[in-house]
Amino acid sequence: MMGLHNQTIKVFDIGIKAYTSAREIKVGEGPIVSLAKWNDVTVSAVKSGQITVWHSDETKEINALKSGEFLSRMRQDHQSPNMIATGGKENDLQLWDLNKPEEPIFKAKNIKPDMVQLRVPVWVSDMTFLKEPNCIALATRHCHVRMYDHKRQRRPVVNFEWEESPFTSITSVADKSQVVVGTAHGRMGCFDLRMNKPEHPVRIFKSFAGAVRDIVVHPHLPLVFSVALDRFLRVHHLETGKLIHKEYLKSRLNCVLVRDDFEEGDLLPTRGKPKRKWMERKMEMEEEMGYDSSEESCEKVRKIEDDEVW
Amino acid sequence: MGRRHRHVQYEKYEKEENNKKKRKRKNDDSDSDSEDDGDSDMDSDVSDEKFPTLTKKEKKMAKDILSRPVQAPVMKSIAELAREKLRKLEQMVHPAKPDPGSKKIKNGQVLKRKQSKAKRLLIGQIRRLRKRLKRKGKFDELREIMEEEKRLTKLEPRTLESTREADETTVQENDEEVEQEEALDAFADYYNKLYEPRILVTSSDNPHKATVSFIRDLCRIIPNAEAKWRNRASIKKTVKNAKANGFTDLIFINEDKRMPNGLLLIHLPEGPTALFRVSNTRVGKSVAKKHYIGDTDHRPEVILNNFTTRLGRVVGRMLGAIFHYDPEFKGRRVCTFHNQRDYIFFRHHRYEFRNQQKVNLKEMGPRFTLRLQWLQQGAFEGDFEWNLKRHDMETSRRRFFL
């Protein structure tokens, strides 16, 4: 399932290799920022802050943007799918329960003003739920990485800065309290949030030329899939940090999804050609629809689908 | 021993006779006469007195040999010979493995592999034939042979460009995806001739003489460009105000040590931003000292050379979109952005065609070279589409990105 810039949701079936359905939603303003699935119902988040749960009979709406400029991300907790986290520009982390759409369960508080007594600006770019219960890690475009424990305190438990480049994406490494963070200048680092000095990256992944847009860590294999604006998909080894596979995919990439049953043997260089054909078919279909296809946001479905782009 | 030998000879002779008979059956009339004549000749030429030791068969053999018409050796002209040899040479050049024998690169040295001996001999023969032609004074044929020879034997010089590492992102012709993406990108409007570009050129605060003259030159060559003093304005605010005032592109020249060293090109309505490092600037007047033409109002043509990769294509489009989409060919002005090894050379010429093949070029206007530092999506904000990381990317001398 993928969400598009022009507020359409489309479903692509890998088995058939074609779009199965498309649906336009007209909520608020701005592109679709994130999608989630709950009880077989789609939840969509739009940049202007409206999160809508599309039940079959009625739609429940959550206004996640009571303050701030716009919403940049909404993520769903895989362990308890009724919990979602939202964040945006000047809009700090908020945790919502989809059963109670009126008030957020948890609203984060900004850290203390800095040395010069100025308020530290907040621009959440991405968040991820950690394996530890109640913990959420966050990356901001002002180069902060933060971890919140919503049962404990409203201020972040861990907060550090890395580099001078805004962060664009963050993912958690399964079964550990580690996160992989990507920047807008093309750097990606793995951090351990439970260590004494979390600001020293455990490992840095190299070879990017453009901003890292989306990162996925494989659930059991030590692989990190990342997708960047320089039109390449890269697979690094989690433990050693080496680049295992690099593939040129002609468009500016935005999202990546990885199949649950992905094996290492799937990374063959010959795969390039069938992938590209598939992409071309995609482009044709998009042409028919006639919209701005250069940017799309997509959703990470727990089960499947596909390891690509868009 | 002798007898055996004679038998062999006879066998040969018999074979020849049989062949001749076959041939005779095919060509009936022509040979019968000669046969008759031959008989009489035999008596005269191969008579018993002169050659008493020959047997009858031997005489017959001799008669046959004598009666065969003397074939004058076909004299091929030198040019024809040369052409034949060239054709042979062409067949020797294996299309899949073009020859320049330079396989090994050991410690930075290049070792040449020997061409095959037959090929070398052939090339030598052709060369000698060519020289003979020259000596004989046959210049037309000489030219022809020379061209062919050059085509087949001249090795492509090994330069960094010719041995460039193949880039995955090179744009192939008729690439659908690229075309579709370009139909939707920030410059689609310009290339569809929907708006005329309007440029604002400015520099950092307190520019010195070189930078000021550089800005003046830029405003002179780019149609519809305005220069303004910076007055300590911030880039983000300038972007906002320029958008409001209808500018389509912003150029900021950065200065260091009293010389221009950076060019920030911002395409305005949410367009990409590119930072170039500027070097080797030469002012218009110093380039065109003797024939400085001065200001012309004609809109120039733009040539974008050698932007092969996907990134290069984006950059090339960006640079081309600064100039007006409709050049005035009457003015015979051309601005060239030539990309070579990731350095973009800018030149400005006035051309005049003497005939179909020959052009006169007079250089006017400034010269400078650009090198892309980064390309950012969004007008001075947003994620970076490409970032030059020298330590990571400048590992190979043969790897280029544009």
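Scope of the values below: all heavy atoms of this structure, side chains included, with no hydrogens, waters or symmetry mates. Protein chains get the first letters and strands the later ones, always in sequence-line order, with residue 1 at the start of each.
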- request: Step through the shown structure and confirm whether more than 12 heavy atoms of other residues, nucleotides or ligands are within 6.0 Å of NZ on B:K389.
  value: yes
query: Do A:R252 and B:D383 come close enough that some side-chain heavy atom pair is under 4.5 Å?
result: no
- prompt: Is any NZ, NE, NH1 or NH2 atom of the basic residue among B:R310 and A:D230 found under 4.0 Å from an Asp or Glu carboxylate oxygen of the other?
  reply: no
Minimum-distance pair of heavy atoms, taken over all atoms of B:M393 and A:F208: CE-O, 4.3 Å
message: A side-chain contact here means heavy atoms from C-beta on lying under 4.5 Å apart; do B:Q180 and A:K250 qualify?
response: no
- prompt: What residue, out of A:T168, A:T183, A:L229, has the most heavy-atom pairs lying under 4.5 Å from chain B?
  reply: A:L229
field: Other residues, nucleotides, ligands: >12 heavy atoms within 6.0 Å of B:E165 CD
entry: yes
field: Atom CZ of A:R119: over 12 foreign heavy atoms under 6.0 Å
entry: yes
- line: Expected contact set for residues 367-376 of chain B against chain A at heavy-atom separation under 4.5 Å reads none
message: Between the side chains of B:E181 and A:R231, is the shortest nitrogen-to-carboxylate-oxygen separation below 4.0 Å, so that they form an ion pair?
response: yes
- request: Could you tell me whether B:K240 atom NZ has more than 12 heavy atoms of other residues or ligands within 6.0 Å of it?
  value: no
- prompt: What part of B:N387 is in contact with chain A, defined as an atom under 4.5 angstrom from a non-hydrogen atom: side chain, backbone, both or neither?
  reply: both
